[in-house]
> 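I have a structure I would like to understand better, so I am pasting it below and will then ask my questions one at a time.
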Amino acid sequence: MSRLTSDLKEFAAEIGLDVIKITSAEPFIEAARKIEKQTRSDPFIDEYWKIEAIDAFCSPQVVLPEAKSVVVAAECYLTSELEDLGSAGNPHGLIARYTRRNYYHDTETKLKKVAKFLKRKGVQTHFKSYSCGPLAEKPMAERAGVGWYGKDGIIMTEKYGSLVVLGELLTDVELEVDEPLVRSCGECRVCIESCPTSAIVSPYILDRSKCLQHITNQKRAMSVEIREMWGNRLYGCTTCQDVCPLNRKVKPKERKPEYGYVGPSIPLIPLLEMSEVEYREHFRHNQMGAGWINFESIQRNAAVALGNIGDPAAIPVLIQSLRSPYPIVRGHSAWSLGKIGGKEAKMGLEMALKNESNSEVVKEIKDALEKAG
Ligand code: SF4
Ligand code: SF4
């Protein structure tokens, strides 16, 4: 290994990047064609995903034309903490582990330090760093040898399983590249068999229309079956990662970055009472507050979680949500009121029915009234 590459890796380890590998800035042509194939068969992929956009996503040199190398990092986010902080009268919705703190910010900050290190060495003039940025992170991580694809489609590292966020530094410095890992999940199928919605239709192939992780931010209504399986989640799903035998061996980290901390679960009643402006302000340091997160989807998720938790303390806020400007929030709040049931819920639904003009919400309210008894 060249002296510069080994010094860089040593420095990256010192500042707390758990895995650090290097690949070239050549485009990821195979990954681009795979994404293209997937977009053709997936009705929920945005219009944004035109061929040119996919090619750019898979081409580091579109982002940084001078790029010669990509430094790919992984940072483990497993910490030990309580899962659900909710209690009777204060129901909480669960936050997926990778979102409890802003590890993307943490990883990107560390990659910027790596970039400064290269500048101090006098070898770098251009760079860009990202974590959860505009580049195909998983193919980069695979080619750099950070990890391999698990059958749930998530990058699996040797020491930290799939409990990592990825980040990358594009640089105009020619560094020594690493080889991809020759590893696989072998015969294991635990994640496939444990997915609550059978979204992993075959190894490495995900049906995003069924995956709770993807549904988190989709603006459409959830099917009733999905609502039942949603449980008390608010943001994300990690069941396939939680059951993975490789992840179960990972030791929690002591260090817990505080930036963007939102906790393992969030009180749902105040969340449903928030305006979008209040929401964005409250979560501004966490990815949950990012512009690409749909506020109405989060409130829809909160309404469904409240219905599944079944705490009558949620009835007033669910009735209030029947006046939300977002039809999906009104419809899912109606469903949850029907599920919790009782006289107060029924009265709220009857009142809402008189004023509702959206045909889909009207149907939700009528179905809920039947359930509410
Ligand atoms: S994230 Fe959840 S729903 Fe999606 S594949 Fe994994 S277990 Fe299934
Ligand atoms: S549960 Fe098994 S098949 Fe799934 S990612 Fe983990 S090791 Fe691979």
Side-chain angles (χ1 to χ4, degrees), residues 81-97 99-100 194-197 210-218 220-240 242-243 262-274 278-279 282-283 286 288 293-324 326 328-349 352 361 364-365 367-373:
E81 51 199 332
L82 288 173
E83 291 299 304
D84 184 358
L85 308 177
S87 56
N90 184 19
H92 279 218
L94 299 184
I95 304 297
R97 265 203 192 87
T99 302
R100 294 174 185 176
S194 307
C195 171
T197 63
K210 286 187 183 169
C211 174
L212 304 181
Q213 171 63 35
H214 289 280
I215 290 171
T216 295
N217 196 36
Q218 284 173 356
R220 64 198 172 98
M222 292 182 197
S223 69
V224 170
E225 293 74 33
I226 292 287
R227 293 178 207 182
E228 295 286 358
M229 289 186 271
W230 183 258
N232 60 341
R233 294 173 176 85
L234 173 69
Y235 189 99
C237 172
T238 55
T239 301
C240 50
D242 297 341
V243 296
V262 294
S265 67
I266 285 174
L268 293 171
I269 294 175
L271 189 68
L272 264 186
E273 286 168 338
M274 279 181 194
E278 289 165 338
Y279 173 85
H282 188 84
F283 294 102
N286 185 276
M288 282 181 73
I293 295 293
N294 300 312
F295 175 61
E296 64 264 50
S297 307
I298 299 295
Q299 285 206 324
R300 172 205 61 180
N301 302 346
V304 173
L306 285 171
N308 286 329
I309 295 166
D311 189 330
I315 290 175
V317 80
L318 287 169
I319 292 175
Q320 187 187 312
S321 296
L322 295 173
R323 295 196 300 272
S324 161
Y326 307 108
I328 56 166
V329 177
R330 302 202 296 278
H332 290 67
S333 297
W335 178 82
S336 290
L337 283 165
K339 199 164 160 75
I340 299 173
K343 204 170 153 191
E344 190 188 354
K346 203 174 162 197
M347 276 171 58
L349 287 164
V361 183
E364 294 268 16
I365 296 175
D367 289 349
L369 276 167
E370 264 177 43
K371 267 196 302 172

> Does Asp311 reach the side chain of Ile269, with side-chain heavy atoms less than 4.5 Å apart?
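No, every pair of side-chain atoms sits at 4.5 Å or beyond.
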> Should His282 and Leu271 count as side-chain neighbours, where that means a heavy-atom distance under 4.5 Å?
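They are not in contact (no side-chain heavy atoms under 4.5 Å apart), so the answer is no.
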> Side chains of Ser265 and Leu94, heavy atoms from C-beta outward: is any pair under 4.5 Å?
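Sidechains of Leu94 and Ser265: in contact.
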> Between Leu337 and Ile315, is any pair of side-chain heavy atoms under 4.5 Å apart?
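They are in contact (side-chain heavy atoms under 4.5 Å apart), so the answer is yes.
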> Determine yes or no for a side-chain-to-main-chain donor-acceptor pair under 3.5 angstrom, with Gln299 supplying the side chain and Ile328 the backbone.
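Not confirmed, Gln299 side chain does not pair with Ile328 backbone.
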> Indicate the atoms forming the closest heavy-atom contact of Ala305 with Arg233, along with that distance.
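Smallest heavy-atom distance, with atoms named: CB-O, 3.5 Å.
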> CE/Met288 to OH/Tyr279 distance, rounded to the nearest 0.5 angstrom?
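OH of Tyr279 is found 4.0 Å from CE of Met288.
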> Could you work out, with ring-ring contact (aromatic ring centres under 6.0 Å, His included) as the rule, every residue matching Tyr235, not counting sequence neighbours?
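Counting only residues at least two positions away or on another chain, Tyr235 forms no ring-ring contact (aromatic ring centres under 6.0 Å, His included).
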> Are Glu296 and Arg330 ion-paired here, with the side-chain N under 4.0 Å from a carboxylate O?
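Salt bridge flag = no for Arg330 with Glu296.
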> Write down the atom of Ala345, the atom of Ile319, and the distance for their closest heavy-atom approach.
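Smallest interatomic distance, heavy atoms only, reads CA-CD1, 4.5 Å.
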> So, does His332 use its side chain to make a donor-acceptor pair with the main chain of Met222 at under 3.5 Å?
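It does hold such a pair.
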> Measuring from Cys211:SG to Gln213:CD, what's the distance to the nearest 0.5 Å?
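Output value for this atom pair is 6.0 Å.
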> Counting N and O atoms only, with roles assigned by atom type, does the side chain of Thr238 sit under 3.5 Å from a partner on the main chain of Ala96, one being a donor and the other an acceptor?
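Checked: no pair found.
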> Of all residues at least two apart in sequence or in a different chain, which pass the salt bridge (Lys or Arg N to Asp or Glu O under 4.0 Å) check with Asp84?
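None.
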> Could you go through Asp367 and Trp335, starting from their C-alpha distance and side-chain angles, then the distance that decides it, and tell me whether this counts as side chain to side chain contact (heavy atoms under 4.5 Å, CB included)?
CA-CA 8 Å; Asp367 289 349; Trp335 178 82; over 6 Å; no
> Check whether Thr197 reaches the backbone of Lys210 with its side chain - one donor and one acceptor, N or O, closer than 3.5 Å.
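Pair found, side chain donor or acceptor close to backbone of Lys210.
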> Where do Ile309 and Leu268 land on the side chain to side chain contact (heavy atoms under 4.5 Å, CB included) test, with the steps shown first?
CA-CA 11 Å; Ile309 295 166; Leu268 293 171; 3.8 Å; yes
> Side chains of Arg300 and Ser324: any donor to acceptor distance under 3.5 Å?
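No, Arg300 and Ser324 have no side-chain donor paired with an acceptor closer than 3.5 Å.
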> Quick one: does Asn217's side chain have a donor or acceptor within less than 3.5 Å of a partner on Asn294's backbone?
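Side chain of Asn217 to backbone of Asn294, a donor-acceptor pair under 3.5 Å: yes, one is there.
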> Within this structure, what is the CG-CD1 distance for the pair Leu272 and Ile298, rounded to the nearest 0.5 Å?
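Nearest 0.5 Å value for the CG-CD1 distance: 11.0 Å.
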> Taking the side chain as C-beta and beyond, is there a heavy-atom pair between Ile365 and Leu349 under 4.5 Å?
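In contact.
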> Looking at every heavy atom in both Leu306 and Ala314, which two are closest together, and how far apart are they?
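Distance-wise, the nearest heavy atoms are CD2-CB, 3.7 Å.
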> If only atom types and distance count, is the side chain of Ser297 paired as donor or acceptor with the main-chain N or O of Gln218 below 3.5 Å?
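Yes.
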> In Å and rounded to the nearest 0.5 Å, what is the CD1 to CD1 distance from Ile226 to Ile215?
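Answer for the CD1-CD1 pair, Ile226 versus Ile215, is 4.0 Å.
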> Please state whether the rings of Tyr326 and Phe295 are parallel, tilted or perpendicular, taking 30° and 60° as the class boundaries.
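Tyr326 and Phe295: perpendicular rings.
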> Kindly indicate, with the supporting measurements, whether the criterion side chain to side chain contact (heavy atoms under 4.5 Å, CB included) is fulfilled by Arg100 and Asn286.
CA-CA 8 Å; Arg100 294 174 185 176; Asn286 185 276; over 6 Å; no
> Determine the minimum heavy-atom distance between Ala313 and Pro316, stating which atoms define it.
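Scanning both residues, the minimum pair turns out to be O-CD, 3.5 Å.
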> Once you round to the nearest 0.5 Å, how far does CG of Asn232 lie from CD of Glu83?
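That separation rounds to 10.5 Å.
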> Using modelled atom types only, decide if a donor and an acceptor are shared between the side chain of Asn301 and the backbone of Thr216 within a distance under 3.5 Å.
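Looks like yes, one N/O pair under 3.5 Å.
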> Minimum heavy-atom separation for Asn308 and Gly231, please, with both atom names.
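Scanning both residues, the minimum pair turns out to be ND2-O, 3.1 Å.
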> To check you understand the geometry: which heavy-atom pair defines the closest contact between Val361 and Gly331, and what is its length?
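Result for this residue pair: CG1-N, 4.0 Å.
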> Among residues two or more places apart or on two chains, list those pairs meeting salt bridge (Lys or Arg N to Asp or Glu O under 4.0 Å) that have a residue in residues 335-349.
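Residue pairs passing salt bridge (Lys or Arg N to Asp or Glu O under 4.0 Å), neighbours aside: Glu228-Lys339.
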> Does the pair Thr99 and Phe283 meet the rule for a side chain to side chain contact (heavy atoms under 4.5 Å, CB included), with working shown?
CA-CA 11 Å; Thr99 302; Phe283 294 102; over 6 Å; no
> Rounded at 0.5 Å granularity, tell me how far CG in Leu322 sits from OG in Ser333.
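Going from CG on Leu322 over to OG on Ser333, the span is 6.0 Å.
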